[in-house]
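First listed ligand is number 1; within each ligand, the first listed atom is number 1. Keep in mind that this is a model prediction, so the values were computed, not measured.
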Amino acid sequence: MNVYDSGRMIDVLASLGFSVTEDPAQADLAILNTCHIREKAEQKVFSDLGRLREHKENRKSNQQEMIIAVAGCVAQGEGAEIMRQAPYVNMVFGPQTYHRLPEMLAQALRSVDSHKKQGRGVIDIEFPLEPKFDSLPETQRSQVSAFLSVQEGCDKFCTFCVVPYTRGAEFSRPVVDVIKEARHLVNLGAKEITLLGQNVNAYHGAAIHGQGEWGLGRLIRELAEIEGLKRLRYTTSHPLDMDQELIEAHRDVPQLMPFLHLPVQSGSDRILEAMNRKHTTKYYKEVIDQLRQACPQIALSSDFIVGFPGEADADFQETLTLIECVGYAQAYSFKYSIRPGTPGALMDNQVDETVKASRLQVLQDLINRQQLAFNESIVGTVQSVLLDRRGKREGQFMGRSPYMQSVTVFAEEPSLGEIVNVFIEEAHPNSLAGHLCNSDVMITAIPSVESKGQRVY
Ligand code: SAH
Ligand code: SF4
């Protein structure tokens with residue numbers, strides 16, 4: 001979502017004459033768009049700010065200004081602290097106010113002019129009542145694979161998570177606005193759209209004719225009608241919000257890719273309860289069974305947290321058992337990180353860092369084995385690949401399979417932005433390679449590898 005938000009900031013600033021530079025020394029304005037989800041991300045903000053400060057001072061010695069801004073969830077959560085620790089920062093604004101960038105920037109520039117030595121910072125970390133999306137200009141950036149935010153915020157309050165405090169309450173954009181933006185992205189060249197939300201399947205946007213609300217499944221069916229839009233994805237979903245309509249969309253909508261990121265966090269019911277996830281492992285497995293019935297070739301991914309307060313060895317073993325049982329195509333995993341202001345931070349049964357580290361290693365080894373097994377099961381099949389970037393070598397292109405795997409292939413110009421059929425010859429831990437093939441017959445991967453008697457693919 002930060003990638004999407006940064007893009008929208010570029011759109012807002014383009015209307016003021018700004019363009020993007022890769023070289024910080026050239027920047028009149030530098031914006032750090034930040035993430036607060038784990039402590040590590042937060043620490044990175046302060047080290048990056050130190051580097052930007054050097055550029056700012058160099059520019060100053062050449063009589064040039066550099067406005068430094070911190071945006072996103074660290075700004076939202078730690079705005080005052082940033083201004084205290086890094087007084088050279090000119091602007092701090094949260095994820096809900098970036099549509100006000102022109103006013104903030106004007107204010108920051110006035111402040112720099114009137115305090116030549118040290119500008120006084122501008123802080124805007126409100127949750128404004130006016131919907132930010134209504135005030136954003138349409139993007140002019142052409143992307144083969146584009147993000148589209150449909151939902152923001154979260155009302156679930158998992159005890160480890162800072163999102164409800166930094167992104168605010170759940171909000172869904174009206175269906176009409178989402179369709180308008182999707183059409184616009186397709187007109188600019190998008191073949192694939194990933195619908196975004198902190199809790200995207202909790203989507204409940206105002207219906208097209210102002211009659212009630214639509215869920216994500218219905219929205220996906222409507223988006224699939226857009227001519228030229230070949231692929232749809234959505235992320236991130238909560239298991240509790242996988243309703244029947246959405247599961248059926250996986251059965252009925254060919255544009256909806258057979259890959260789903262459905263985080264479970266832990267395989268222990270005791271820990272799931274302490275996390276306030278509001279469901280059991282049994283429920284999660286039932287949802288997955290339903291998804292596999294609706295779309296037999298669907299592949300899954302998840303997030304896992306190890307070392308949540310009170311997690312004993314037995315709980316961790318249950319997480320490994322769940323992973324064995326489900327069989328993932330990939331997954332993200334993290335050591336539990338204490339977030340100030342969340343209930344988890346106040347729990348007195350915190351797990352030792354070394355225990356967290358060794359559990360993470362064991363879990364990641366298992367996930368890596370499953371990922372490689374999944375990638376290997378694709379060898380010898382033909383996959384549709386959306387070529388979205390050039391490779392390092394002449395004539396080499398990179399793209400994504402329906403399962404989000406990175407695929408390398410040699411193709412002729414102009415192939416960028418095309419969906420091509422690729423016969424997969426090689427599987428690596430994080431990628432596939434193959435050659436173009438003209439076959440119209442798609443051979444998709446089917447669950448095949450057995451692990452400890454469980455289905456893995
Ligand atoms: N809404 C999604 C997750 C969004 S946050 C969901 O409910 O699943 C993305 C991921 O970051 C989470 O799935 C979780 O695995 C991880 N995460 C969030 N807070 C964390 C914390 N305090 N420590 C470690 N990982 C965390
Ligand atoms: Fe955070 Fe996701 Fe839980 Fe919401 S549902 S509190 S975003 S982990």
Of all the non-hydrogen atoms in the protein, which one sits nearest to [atom], and at what distance?
{"atom": "atom 11 (O) of ligand 1", "answer": "Arg38 NH1, 3.1 Å"}
{"atom": "atom 24 (C) of ligand 1", "answer": "Lys335 O, 3.4 Å"}
{"atom": "atom 1 (Fe) of ligand 2", "answer": "Cys161 SG, 2.3 Å"}
{"atom": "atom 14 (C) of ligand 1", "answer": "Gln265 OE1, 3.4 Å"}
{"atom": "atom 19 (N) of ligand 1", "answer": "Phe160 CD1, 3.3 Å"}
{"atom": "atom 7 (O) of ligand 1", "answer": "Arg277 NH1, 3.0 Å"}
{"atom": "atom 21 (C) of ligand 1", "answer": "Ser337 O, 3.6 Å"}
{"atom": "atom 2 (Fe) of ligand 2", "answer": "Arg277 NH1, 4.2 Å"}

Practice task
Check whether any N, O or S atom of Cys154 sits under 2.8 Å from atom 4 (Fe) of ligand 2.
Solution key: yes
Looking at [Y] and [X], is there a salt bridge between them, counting it only when a charged N and a carboxylate O are closer than 4.0 Å?
{"X": "Lys278", "Y": "Glu273", "result": "no"}
{"X": "Asp313", "Y": "Arg359", "result": "yes"}
{"X": "Arg233", "Y": "Glu192", "result": "yes"}
{"X": "Asp269", "Y": "Lys282", "result": "no"}
{"X": "Glu152", "Y": "Lys132", "result": "yes"}
{"X": "Asp5", "Y": "Arg8", "result": "no"}
{"X": "Lys356", "Y": "Glu353", "result": "yes"}

Practice task
Could you establish whether Thr236 and ligand 1 come within less than 4.0 Å of each other, counting only heavy atoms on the residue side?
Solution key: yes
Practice task
Run the contact test for Lys156 against ligand 1 with a 4.0 Å cut-off on heavy atoms, strictly below, and give the result.
Solution key: no
Problem - Residues Asn33, Ser6; criterion side chain to side chain donor-acceptor pair (under 3.5 Å); working and verdict - result: CA-CA 7 Å; Asn33 194 11; Ser6 298; 3.0 Å; yes
Is it the side chain, the backbone, both or neither of [X] that has a heavy atom closer than 4.0 Å to ligand 1?
{"X": "Lys40", "answer": "neither"}
{"X": "Gln198", "answer": "backbone"}
{"X": "Ile37", "answer": "both"}
{"X": "Phe334", "answer": "side chain"}

Problem - Stacked cation flag Arg100 on Phe93, 6.0 angstrom / 45 deg - result: no
Classify the side-chain pair [X]/[Y] by whether it contains a donor and acceptor separated by less than 3.5 Å.
{"X": "Ser268", "Y": "Arg270", "value": "no"}
{"X": "Thr21", "Y": "Asp23", "value": "no"}
{"X": "His99", "Y": "Asp134", "value": "no"}
{"X": "Gln151", "Y": "Ser172", "value": "no"}

Exercise for the section: Would you check whether Phe304 has a nitrogen or oxygen atom less than 3.5 angstrom from a nitrogen or oxygen atom of ligand 1? Expected result: no
Exercise for the section: Kindly confirm or rule out an N or O of Asp303 lying under 3.5 angstrom from an N or O of ligand 1. Expected result: yes
Contact partition for [X] relative to ligand 2, non-hydrogen atoms under 4.0 Å:
{"X": "Phe160", "value": "side chain"}
{"X": "Asn199", "value": "side chain"}
{"X": "Pro263", "value": "neither"}

Exercise for the section: Considering the heavy atoms of Pro164, write down every atom of ligand 2 situated less than 4.0 Å from one of them. Expected result: 6 (S)
Handout entry: Atoms of ligand 2, numbered as shown, that sit under 4.0 Å from any heavy atom of His238
Key = 5 (S)
Problem - Per-atom contact, atom 4 (C) of ligand 1, protein heavy atoms, under 4.0 angstrom - result: no
Fill in the blank from the handout: ligand 1 to Arg339, heavy atom cutoff 4.0 Å, flagged ligand atoms 22 (N)
Handout entry: Enumerated ligand 1 atoms positioned under 4.0 Å from heavy atoms of Pro263
Key = 8 (O)
Handout entry: atom 3 (Fe) of ligand 2 reached by Cys158 (N, O or S, under 2.8 Å)
Key = yes
Practice task
Apply side chain to side chain donor-acceptor pair (under 3.5 Å) to the pair Glu78 and His36, showing each step before the final yes or no.
Solution key: CA-CA 9 Å; Glu78 312 284 338; His36 205 216; 3.3 Å; yes
Handout entry: ring pair (Phe, Tyr, Trp, His ring centres under 6.0 Å), paired with Phe304, selected from Tyr328, Tyr336, Phe334
Key = Tyr328
